[in-house]
Amino acid sequence: VLENLRRQSARIERPSLGPAAAGSRREVPWRLGCPGMDALLPDGLETRSLHEIKSAPRGQGASAGDWAASLGFALRLAALRLDGARRAGRPSYLLWCWTRPMAFELGRLSGRGLVQLGLDPARVLIVETAREAEALMALEEGMKSGALALAMGVFQSAGLNAARRLSLAAGERQTPCLIVTHPA
């Protein structure tokens with residue numbers, strides 16, 4: 001019954017993105033890399049979707065540790081996605097978008113840190129903008145290029161309109177999108 005409901009939902013939500021969609025390409029399974037978690041998601045994470053990552057804050061506000069947990073998890077997911085895309089002969093670039101104030105607050109990406117998480121820094125394209133709306137636009141346009149394995153953004157929040165636009169762009173080009181938002 002549950003599987004039938006999932007199929008019906010997929011037809012309603014994404015009628016043009018079925019396997020026979022024009023220009024469709026074989027999806028690379030995106031697994032979490034942890035057998036217990038992968039058992040809960042037997043098909044892996046949806047690759048034509050927007051996923052929001054947000055840690056559960058411990059208290060009133062969000063600490064640096066809350067942000068670090070979210071970013072570390074997201075970057076590890078990115079490494080798994082890029083590795084799968086590379087092995088399948090698909091584009092293996094990560095687009096990272098955020099604002100200059102967010103970069104100052106959280107600290108810029110470190111090449112050594114990326115390597116330790118399993119990411120090749122030469123495969124990470126970084127866009128840093130003055131305003132959040134510009135970073136969201138860059139993320140959307142990057143996904144539409146079809147040249148990415150994954151698009152990722154770090155924001156205080158993403159409004160419903162922005163999230164919907166990112167979701168549609170992810171579905172159109174089968175490029176998954178991760179956004180990390182404020183833990184609180």
Would you find a donor on one side and an acceptor on the other, under 3.5 Å apart, between the side chain of [X] and the backbone of [Y]?
X: Gln174; Y: Ala170; value: no
X: Ser70; Y: Ser55; value: yes
X: Lys54; Y: Val180; value: no
X: Arg131; Y: Thr99; value: no
X: Arg173; Y: Gly142; value: no

- prompt: Which residue, Val127, Leu136, Val154, Ile179, forms the side-chain contact (heavy atoms from CB on, under 4.5 Å) with Cys97?
  reply: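 Output: one option passes, namely Val127.
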Mind listing the closest non-hydrogen atom pair of [X] and [Y] along with its distance?
X: Ala135; Y: Phe155; result: CB-CE2, 3.6 Å
X: Leu82; Y: Ser92; result: CD2-O, 3.5 Å
X: Ala149; Y: Pro91; result: CB-O, 3.2 Å
X: Leu94; Y: Ala78; result: CD2-CB, 4.2 Å
X: Thr175; Y: Ala151; result: CG2-N, 4.3 Å
X: Met152; Y: Ala74; result: CE-CB, 3.3 Å

With a 4.0 Å cut-off on N to O distance, would you call Arg108 and Glu128 a salt bridge?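 Salt bridge present between Arg108 and Glu128.
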Check: Just checking, is any N or O donor in the side chain of Thr181 or Glu52 under 3.5 Å from an acceptor N or O on the other one?
Finding: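 The criterion, which ignores hydrogens and geometry beyond distance, is satisfied for Glu52 and Thr181.
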Within a 6.0 Å radius of atom OH on Tyr93, are there more than 12 heavy atoms belonging to other residues, nucleotides or ligands?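 Not more than 12 within 6.0 Å, no.
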Next item on the list: Can you establish whether the number of heavy atoms outside Leu160 located under 6.0 Å from its atom CG is more than 12?
Entry: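 No, not enclosed.
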Do [X] and [Y] touch side chain to side chain, with heavy atoms closer than 4.5 Å?
X: Cys177; Y: Leu139; result: yes
X: Leu50; Y: Leu178; result: no
X: Leu77; Y: Trp30; result: yes
X: Arg48; Y: Glu172; result: no

Walk me through whether Ile126 and Leu109 qualify under side chain to side chain contact (heavy atoms under 4.5 Å, CB included). CA-CA 9 Å; Ile126 300 171; Leu109 295 176; 3.9 Å; yes
Q. How long is the gap from OG1 on Thr129 to CE on Met102, to the nearest 0.5 Å?
A.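 Those atoms lie 10.0 Å apart.
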Atom CG in Leu166, atom CE in Met143: separation rounded to 0.5 Å?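 Reported to 0.5 Å precision, the distance equals 4.5 Å.
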Is there any side chain to side chain donor-acceptor pair (under 3.5 Å) pair reaching into residues 140-155, and which pairs are they, with sequence neighbours excluded?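 Those involving residues 140-155 are Glu140-Lys144, Glu140-Arg165.
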For Arg87, give me all partners under side chain to side chain donor-acceptor pair (under 3.5 Å), at least two apart in sequence or on another chain.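 Only Asp83 meet the side chain to side chain donor-acceptor pair (under 3.5 Å) criterion with Arg87.
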*Would Met137 end up clustered with Trp96 when hydrophobic side chains under 4.5 Å apart are linked, directly or stepwise?*
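No.
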message: In this structure, would Val115 and Leu125 fall into the same cluster of hydrophobic residues linked by side-chain contacts under 4.5 Å?
response: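 Looking at the clustering, Leu125 is in a separate group from Val115.
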Could you list the residues that satisfy side-chain contact (heavy atoms from CB on, under 4.5 Å) with Leu41, not counting sequence neighbours?
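By the side-chain contact (heavy atoms from CB on, under 4.5 Å) rule, Leu41 matches Leu32, Leu45.
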- Query: Could you walk me through whether His182 and Trp67 pass the side chain to side chain contact (heavy atoms under 4.5 Å, CB included) check?
  - Reply: CA-CA 7 Å; His182 193 282; Trp67 274 106; 3.8 Å; yes
